[in-house]
2 protein chains.
Amino acid sequence: MELLLSSTSLFQGIQESEISALLNCLAAQKRNYRKGDVIFAEGSVTESLGIVLSGMALISFCDAWGNHSILGNVAPGEVFAEVYACIPGEPLRISVDAAEDTTVLFLNVSRVLSTCTNACPFHTRLVRNLLTVCARKSFQLSQRIAHTSSKSIRGRLMSYFSECAKASGSHRFQIPYNRQQLADYLGVDRSAMSSELSKMQRDGLICYQRNEFLLKSPGEFASL
Amino acid sequence: MELLLSSTSLFQGIQESEISALLNCLAAQKRNYRKGDVIFAEGSVTESLGIVLSGMALISFCDAWGNHSILGNVAPGEVFAEVYACIPGEPLRISVDAAEDTTVLFLNVSRVLSTCTNACPFHTRLVRNLLTVCARKSFQLSQRIAHTSSKSIRGRLMSYFSECAKASGSHRFQIPYNRQQLADYLGVDRSAMSSELSKMQRDGLICYQRNEFLLKSPGEFASL
DNA sequence: CTCCCTGTGTTGTTCAAACAACAGACAATT
DNA sequence: AATTGTCTGTTGTTTGAACAACACAGGGAG
């Protein structure tokens, strides 16, 4: 378990041997779930975040009419419900279920935050990591919002490609999504996006082959 | 200054008198800006978050072609750049400028996180508050994404109204936005939304007058 | 009172995106 | 080689949202 944890962002920079001490210090709880079990129910309140150790969890939500949508999944090593665990008293707007037999480690956030009586030296690092996890999630969400703010498919693609180019420091970059995933990320129809991509190539805005893109002519454009 | 700070979410639960001690302990820096001054430049890296004490700051961003958009404003007592300050080394994707003459208090996040040599008793509370601020921002962003995930105006309104009804615990509730602001929040055209609202009223889904809404018939609907 | 301003609802037109259906490329499997 | 499935690009149709323009109702301020 410690080996897996040491590679997660929450325990980054903490040695495997030190993690064992931390887990004792935090009285972390491990629980097993069968496929289909509810891990967190919508509307409930939690002070604990979860880390998937094995298996897979699904995050979903229901609207007032009973329609429910899948928001995402949580793979081993990834964290869930950290946002709610960090907001005291905020009832979950989502529910988390086990997509298969799943083992989860729970960490009580207030325990994480309270000063450790043993003056555990890695506690500080854990708190910093937790803040980073939350901040990074905020960052990713705001990027997604920025990329879906344009009303046109072309505008959304341009916004996303701009970001990719900035992140890679070059006009040539690769993207981590296939076409369907990119369309889902940008909130557009795949085939419409595919067609728009080829239009953009014809218009000389971009070149691409598969997941390799080249952003051309960084001049001024008004019609995003 | 302490009076203003004590009413902010970052210093919530900390007395005015205690804030003074904290600010010393953190070596907080106060700086003045003239209207139009750049507070944070896009692409720069910061370890500090900012709190607007007076005036107003503007958050904006540029895409690779030089088009820039306003993302929001920061009023006195509100925090900015906290997400970037919490992600070590992450260059800002936004820039922050003074919309008018503005005073800003800077707090170094790593200093906030490092154990205070004086064992300052309110330090722990500050860290917890900072985590709450980040988590709450994440929460708000994911709500907005949920409400803009539907492709139709009606679906977006339904998602938002669902959330409002849940939050208020009743099918009758008030919304904090006027029509233009709601349209901006949901990423749709105001007049189209206005027209959709009256259609929904005609269809018996909702009743409304001004900002007072009543959500009807919580049955099953497929056409969101 | 009139004038102006803001917020809101209505209508009709236009256009772009969703949608459906299909074709070709490629890889993996049998 | 044949088959299957996945990913991608193309085309044509339909629909719904953006857009523009306007009407109407308060609410101040002069």
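What you see below is based on every heavy atom in this structure, not just the backbone, and it leaves out hydrogens, waters and symmetry mates. Every chain is numbered from 1, with letters handed out A, B, ... down the list of sequences.
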Novice: Would you say A:Val104 and A:Leu53 make side-chain contact, with heavy atoms under 4.5 Å?
Specialist: no

Novice: Is there any salt bridge (Lys or Arg N to Asp or Glu O under 4.0 Å) pair reaching into residues 169-179 of chain B, and which pairs are they, with sequence neighbours excluded?
Specialist: B:Arg172-B:Glu212

Novice: For B:Glu100, which residues count as a salt bridge (Lys or Arg N to Asp or Glu O under 4.0 Å) partner, sequence neighbours excluded?
Specialist: none

Novice: From the 5' end of DNA chain D to its 3' end, which nucleotides mark the outer limits of contact with chain B, defined by a 4.0 Å heavy-atom distance cut-off (strictly under)?
Specialist: D:dA17 to D:dA20

Novice: Between the protein and nucleotides 12-17 of chain C, list the N/O to N/O atom pairs that are separated by less than 3.5 angstrom.
Specialist:
{"unit_1": "C:dA17", "atom_1": "OP1", "unit_2": "A:Ile153", "atom_2": "N", "d": "3.2"}

Novice: At 10 degrees resolution, what angle do the end axes of the helix from C:dC1-D:dG30 to C:dT30-D:dA1 form when each is taken over five base pairs?
Specialist: 30°

Novice: If you look only at distance, which donor and acceptor atoms sit under 3.5 Å apart when one is on a side chain in residues 76-94 of chain B and the other is two or more places apart or in another chain?
Specialist:
{"unit_1": "B:Glu78", "atom_1": "OE1", "unit_2": "B:Ala75", "atom_2": "N", "d": "2.9"}
{"unit_1": "B:Glu82", "atom_1": "OE2", "unit_2": "B:Lys137", "atom_2": "NZ", "d": "3.2"}
{"unit_1": "B:Glu90", "atom_1": "OE2", "unit_2": "B:Arg93", "atom_2": "NH1", "d": "2.7"}
{"unit_1": "B:Arg93", "atom_1": "NE", "unit_2": "A:Glu163", "atom_2": "OE1", "d": "3.1"}
{"unit_1": "B:Arg93", "atom_1": "NE", "unit_2": "A:Glu163", "atom_2": "OE2", "d": "3.1"}
{"unit_1": "B:Arg93", "atom_1": "NH1", "unit_2": "B:Pro91", "atom_2": "O", "d": "3.3"}
{"unit_1": "B:Arg93", "atom_1": "NH2", "unit_2": "A:Glu163", "atom_2": "OE2", "d": "2.8"}

Novice: Using a 6.0 Å cut-off, check whether atom CD of B:Gln181 has over 12 heavy atoms from anything other than its own residue.
Specialist: yes

Novice: List the atom pairs, donor and acceptor, that lie under 3.5 Å between side-chain atoms in residues 203-210 of chain A and the rest of the protein, sequence neighbours left out.
Specialist:
{"unit_1": "A:Asp203", "atom_1": "OD2", "unit_2": "A:Arg154", "atom_2": "NH1", "d": "3.2"}
{"unit_1": "A:Asp203", "atom_1": "OD2", "unit_2": "A:Arg154", "atom_2": "NH2", "d": "2.9"}
{"unit_1": "A:Tyr208", "atom_1": "OH", "unit_2": "A:Ser198", "atom_2": "N", "d": "3.4"}

Novice: Who pairs with B:Gln180 by side-chain hydrogen bond (donor to acceptor under 3.5 Å, both in side chains), at least two apart in sequence or on another chain?
Specialist: B:Asp184

Novice: What pairs of residues pass the salt bridge (Lys or Arg N to Asp or Glu O under 4.0 Å) test when at least one of them lies in residues 30-39 of chain B, not counting sequence neighbours?
Specialist: none

Novice: Could you note down all residue pairs passing side-chain hydrogen bond (donor to acceptor under 3.5 Å, both in side chains) where residues 1-11 of chain A supplies at least one of them, sequence neighbours left out?
Specialist: A:Glu2-A:Ser20

Novice: Walk me through whether A:Tyr160 and A:Phe213 qualify under ring-ring contact (aromatic ring centres under 6.0 Å, His included).
Specialist: CA-CA 12 Å; A:Tyr160 177 67; A:Phe213 286 79; 8.5 Å; no

Novice: Charged N to carboxylate O below 4.0 Å: is that the case for A:Arg156 and A:Glu196?
Specialist: no

Novice: Give me the distances for all protein-to-nucleotides 6-8 of chain C N/O pairs that come in under 3.5 Å?
Specialist:
{"unit_1": "C:dT8", "atom_1": "OP2", "unit_2": "B:Arg179", "atom_2": "N", "d": "2.7"}

Novice: Just to verify, what does B:Asn129 make a side-chain hydrogen bond (donor to acceptor under 3.5 Å, both in side chains) with, not counting sequence neighbours?
Specialist: B:Arg125

